[in-house]
Amino acid sequence: MEVIVAREPDGGYTVRALGGDAGLPPRLGEAELVRHAARVEAELRPRWVFAAVEHDYPALLGGGVRVRRCHDLSLVEGILLAYEGRHDQARWLAAAYARARGLEPPAEAGPGHPDLDEQPTLFDPRGSGLPAGVAAAEAAEVVYAEQRRRIERLPHPARLRLLAAAESASALAAAEMSADGLPWRADVHDALLTELLGPRVPTGQRPRRLAELAERIQQAFGGRPLTLDHPGSIVRAFGRAGITVPSARAHVLRGIDHPAVAPLLEYKELARLHSAHGWTWLDQWVHGNRFRPVFVVGGVVSGRWASRGGAALQIPRMLRACVTADPGWKLVVSDAAQLEPRVLAALAGDRRLAEVSASADLYTSLAEAMFPGVPVDAANRGRAKIAMLSAMYGGTAGEAASLLALLRQRFPTAASYVERAALAGERGEMVRSRLGRTSPPPSAAWRALTGGTANEDQARRAARDWGRFTRNFVVQASAADWTAVLLATLRQRLPAPAHLVFFQHDEVLVHTLAELADEVVACLAAAVHDTTTLVFGSACPVRFPMPAAIVDRYADAK
DNA sequence: ACTTCCGAGCTT
DNA sequence: CCTAAAGCTCGGAAGT
């Protein structure tokens, strides 16, 4: 059974049930919706169809209602439009409805409009963008049926169905993570800042430690004042000291012999901490010992998530000590080890690489395979890693080219898989992930550059750049397929008090009652197994280790 | 005064 | 350290 819920411009909701009677009034207010949704979910366990989980689910979460399954029309529309080569078209409900009905696109969805995918907000004077007399739920029903038809017409409908379900479930998980929040000890964070920077100072002032370092740096440059937070000023200061530097980046400065370098490096590190994750950040983003960012599912073309506010996917390792389980609770921290090379092995069907994946440390066994008869040391493992990363990213610098050639010799199936993707990109063609995410077409500027008779060098470089992008896309987007399915299956399996609180590309955090931690670890192992079977089939010979640690603090994992 | 750009650094 | 991709955020400077 399916229940379609869509918000109307007046803040109310229209609802429709497909395949049964859910006992729902066709039109209802938010409080009423929450009440009915709780009952319907408990009794009927339907698939909920939302215009966009991001907009529609928080109201239910706010009322304490969680749903098991859903279909996110906006996310699926984005995936289908990309598959059909129409990346530029809007995904929001009224635009999708107009396409399904063969109507003129709604005004707000015109190309070049800044709010291409912005749904009209509550009480938006523009209305829903739907034709007069068309209820939002009615439009959603039309779009839902149309999406299902479009999926069935594709070459691998089962994969797209899986992707649609996994992406939609990921959106549920993202909204729930924001609602639950990541456990974050403000007192630990404050103590760390005080230890490193000195006592707290008002916003806009320089903490004591930074002021001391600034003074020492200025002395080292002969007392002349400089703007430490402006890279150009630092480059000029070194220039006056007779040292030419291309930039003020930390790794450049590290190679310079000058008394200002040591305090400058320390200043840069601490100033970064202060400006990006200092007291201002703490006040703005952490409340009640919870960090609540907004995760943007499908925010990256490859299918990776992005985040809005608080730089949620850029938490410095140094601050992971602040992420602490509540008393009586634990964190289960787990990341998929060397996910991308394993995904490549499965994608390409490379049996020899699959054998290498049997090892928990893929790069060690890869080194054994690449340098037979040589004992594996850190250097050889490092070379094997460079070879693999170069295959997936298109690197050519240093010894990457020769290592890549060796890898190609030993693993021709995997190597040719990514090379075909790169060549397709160089020709301007689209490539797809395992489940059907599609790379965007190159820009008009790219076509002009590579198609014209302009500058051959430039054209060649542009083609190669895009080939690197599509080479990486097939692997990264297929890894995103795998993790989306993992989130969906794990979310389904977790015992009720345990919940996902963080997800970062190939890493998950679950906050759980301590006595359930072992069960969570078992759920995770089962979810990994299900995921690999769902994405790559039951005969997939590639192993996907995902070791989990039960800890009190995120910093204590690994 | 406002917006836009740039360099930098953080994560995967 | 490097090899590559992308996204978020800051502070300062340049442009309007």
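Lettering of chains follows the sequences in order, A, B, ..., and the numbering in each one begins at 1.
- Between A:Arg381 and A:Asp361 there is a salt bridge, since a side-chain N of the basic residue sits under 4.0 Å from a carboxylate O of the acidic one.
- Comparing the helix axis at one end of the helix from B:dA1-C:dT16 to B:dT12-C:dA5 with that at the other, each defined from 5 consecutive pairs, gives an inter-axis angle of 10° (nearest 10°).
- Among residues two or more places apart in sequence or in another chain, the salt bridge (charged side-chain N to carboxylate O under 4.0 Å, His left out) test is passed with A:Arg185 by A:Asp187.
- Scored by the salt bridge (charged side-chain N to carboxylate O under 4.0 Å, His left out) test, A:Arg427 finds A:Glu429 as partners (sequence neighbours excluded).
- Between A:Thr324 and A:Arg553, the side chains place no donor N or O within less than 3.5 Å of an acceptor N or O (distance only, hydrogens not considered).
- Among pairs with a residue in residues 384-436 of chain A, none fulfils ring-ring contact (aromatic ring centres under 6.0 Å, His included), at least two apart in sequence or across chains.
- Scanning for side chain to side chain donor-acceptor pair (under 3.5 Å) contacts around A:Asp335 gives an empty result, with sequence neighbours left out.
- Take A:Ser307 and apply the side chain to side chain donor-acceptor pair (under 3.5 Å) test, not counting sequence neighbours, and it matches no residue.
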Review item, nucleotides 1-6 of chain B N/O atoms under 3.5 Å of protein N/O:
none

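- Among residues two or more places apart in sequence or in another chain, the salt bridge (charged side-chain N to carboxylate O under 4.0 Å, His left out) test is passed with A:Asp180 by A:Arg66.
- Counted by atom type alone, A:Thr489 and A:Asp530 present zero donor-acceptor pairs between their side chains at under 3.5 Å.
- A pairwise comparison of heavy atoms in A:Arg434 and A:Asp481 identifies N-OD2, 3.4 Å as the closest pair.
- Contacts of A:Ala271 with the nucleic acid, taken as non-hydrogen atoms under 4.0 Å apart, are absent.
- The aromatic rings of A:Phe544 and A:Phe536 lie parallel to each other, their planes meeting at an angle below 30°, with 60° marking the opposite boundary.
- Between A:Ala479 and A:Glu340 the shortest heavy-atom distance is CB-CG, 4.2 Å.
- Following rounding to the nearest Å, A:Tyr554 (OH) and B:dT11 (P) show an atom-to-atom distance of 10 Å.
- Residue A:Thr532 comes nearest to A:Cys540 through the heavy atom pair CG2-SG, 4.2 Å, listed as atom of the first residue, atom of the second, then distance.
- Listed by residue number, A:Ile315, A:Pro316, A:Arg317, A:Arg320 are the residues of residues 315-323 of chain A with a heavy-atom contact under 4.0 Å to DNA chain B.
- What you find for A:Glu167 and A:Ile79 is that their closest heavy atoms are CG-CD1, 3.9 Å.
- Taking side-chain N and O atoms only, A:Lys268 has no distance below 4.0 Å to OP1 or OP2 of B:dA8.
- Per the geometry, CG belonging to A:Leu226 stands 15 Å off C1' belonging to C:dG11, to the nearest Å.
- Partner of A:Phe291 under the ring-ring contact (aromatic ring centres under 6.0 Å, His included) criterion, out of A:Trp281, A:Tyr554, A:Phe502: A:Trp281 alone.
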Output one line per pair: protein atom, nucleotide atom from nucleotides 12-16 of chain C, and distance, for all N/O pairs under 3.5 Å.
none

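- The separation between A:Leu264 atom CG and B:dA8 atom P is 11 Å, rounded to whole Å.
- Counting any heavy atom pair closer than 4.0 Å across all strands shown, A:Ser247 reaches sugar-phosphate atoms only and no base atom.
- Protein atom CG of A:Leu270 is 13 Å distant from nucleotide atom P of B:dG9, rounded to whole Å.
- Take A:Arg342 and apply the side chain to side chain donor-acceptor pair (under 3.5 Å) test, not counting sequence neighbours, and it matches A:Gln338.
- Here B:dT12 presents its C1' atom at 14 Å from CD of A:Gln338, a figure rounded to the nearest Å.
- The CG-C1' distance, from A:Leu273 to B:dA8, rounds to 15 Å in whole Å.
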Study note, to complete from the structure: Protein-proximity profile, nucleotides 1-10 of chain C, B/S/- by nucleotide at the 4.0 Å heavy-atom cutoff, equals -BBBSSBSSS
